[in-house]
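The structure appears right after this line, and notes come after that.
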Amino acid sequence: MESFSSKSLALQAEKKLLSKMAGRSVAHLFIDETSSEVLDELYRVSKEYTHSRPQAQRVIKDLIKVAVKVAVLHRSGCFGPSELALAARFRHKLRQGAMTALSFGEVAFTFEAAVLAGLLTECRDVLLELVASHLTAKSHGRIRHVFDHFSDAGLLTALYGPDFAPHLHKICAGLRKLLDDGRL
């Protein structure tokens, strides 16, 4: 008997369609206003740090694609009990990273790039474990690209330096709102 699942086929089509459409306008359909503002600031930071508009666009586009795909997998009930535990662990680590980033931004002379980079690396590893059997190697590469980019010690040091203070302030304000609203 041939195994056929319309649910699986629909999920594949949805992920494929969303990966092709991961532009700014589509992101606003799936991502709330505050998250969008944080992503816009992360784009500006990446663009200023790398001096490359295409590179900054690529990392944010990859971030949006991954976020949408993971959300689709979660909403579709594709994660088993052990994977849901990993998802909870990822959310906890991401929340911890956001609170650490806020603390570093709000309390002078507390920033440590290695601490924040370590938290982002842990987030990456948990997310890769979560989606190991659900997403392609290309998506795994996107996850690595995003987390490796933002956990770069040079980028983090620049972000917490004086030249990027306006960006950091906006990112921290957005993270604070997301945490307060329970969306992160």
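What's counted below: heavy atoms across the whole structure, side chains too, no hydrogens, waters or symmetry copies.
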Intermediate values then yes/no, side chain to side chain contact (heavy atoms under 4.5 Å, CB included), Glu48 and His167: CA-CA 10 Å; Glu48 284 183 38; His167 298 300; 2.7 Å; yes

Mind checking side chain to side chain contact (heavy atoms under 4.5 Å, CB included) for [X] and listing every partner two or more places apart, or none if nothing turns up?
| X | value |
| --- | --- |
| Leu127 | Val66, Val70, Phe90, Leu130, Val131, Ile143, Phe147 |
| Asp152 | Tyr49, Leu155 |
| Arg53 | Tyr43, Lys47, Gln57 |
| Thr100 | Gln96, Phe104, Val115, Leu116, Leu119 |

Roughly how far, to the nearest 0.5 Å, is [atom2] of [Y] from [atom1] of [X]?
| X | Y | atom1 | atom2 | value |
| --- | --- | --- | --- | --- |
| Leu39 | Arg44 | CG | CZ | 11.0 Å |
| His145 | Ser139 | NE2 | OG | 14.0 Å |
| Leu73 | Ser133 | CG | OG | 9.0 Å |
| Leu179 | Cys172 | CG | SG | 10.5 Å |
| Leu168 | Leu175 | CG | CG | 9.0 Å |

If you compare all heavy atoms of [X] against all heavy atoms of [Y], which two are closest, and at what distance to 0.1 Å?
| X | Y | result |
| --- | --- | --- |
| Thr157 | Ala113 | OG1-CB, 4.0 Å |
| Ser151 | Ala117 | O-CB, 3.2 Å |
| Leu184 | Ala98 | CD2-CB, 3.4 Å |
| Val38 | Ile171 | CG2-O, 4.2 Å |
| Leu178 | Ser35 | CD2-OG, 3.5 Å |

Listed once per pair and sorted, the salt bridge (Lys or Arg N to Asp or Glu O under 4.0 Å) pairs that draw on residues 80-105, sequence neighbours left out: Lys93-Glu122

Residue pairs passing the salt bridge (Lys or Arg N to Asp or Glu O under 4.0 Å) test where at least one lies in residues 154-163, sequence neighbours excluded: none

Check: Ser52 main-chain N/O paired with Thr50 side-chain donor or acceptor under 3.5 Å: yes

Donor-acceptor pair, side chain of Ser103 and main chain of Met99, under 3.5 angstrom: no

Non-hydrogen side-chain atoms of Arg58 and Gln55 separated by less than 4.5 Å: no

Note, Arg142 side chain near Lys69 side chain (heavy atom, < 4.5 Å): yes

With sequence neighbours left out, write down each residue that passes side chain to side chain donor-acceptor pair (under 3.5 Å) with [X], or none if nothing qualifies.
| X | answer |
| --- | --- |
| Asp180 | none |
| Thr34 | none |
| Asp148 | Arg124 |
| His149 | Ser46 |

Residue pairs, two or more places apart or on separate chains, that pass side-chain hydrogen bond (donor to acceptor under 3.5 Å, both in side chains) and touch residues 105-114: Glu106-Arg176

Of all pairs that satisfy ring pair (Phe, Tyr, Trp, His ring centres under 6.0 Å), the ones with a partner from residues 63-88, not counting sequence neighbours: Phe79-His134

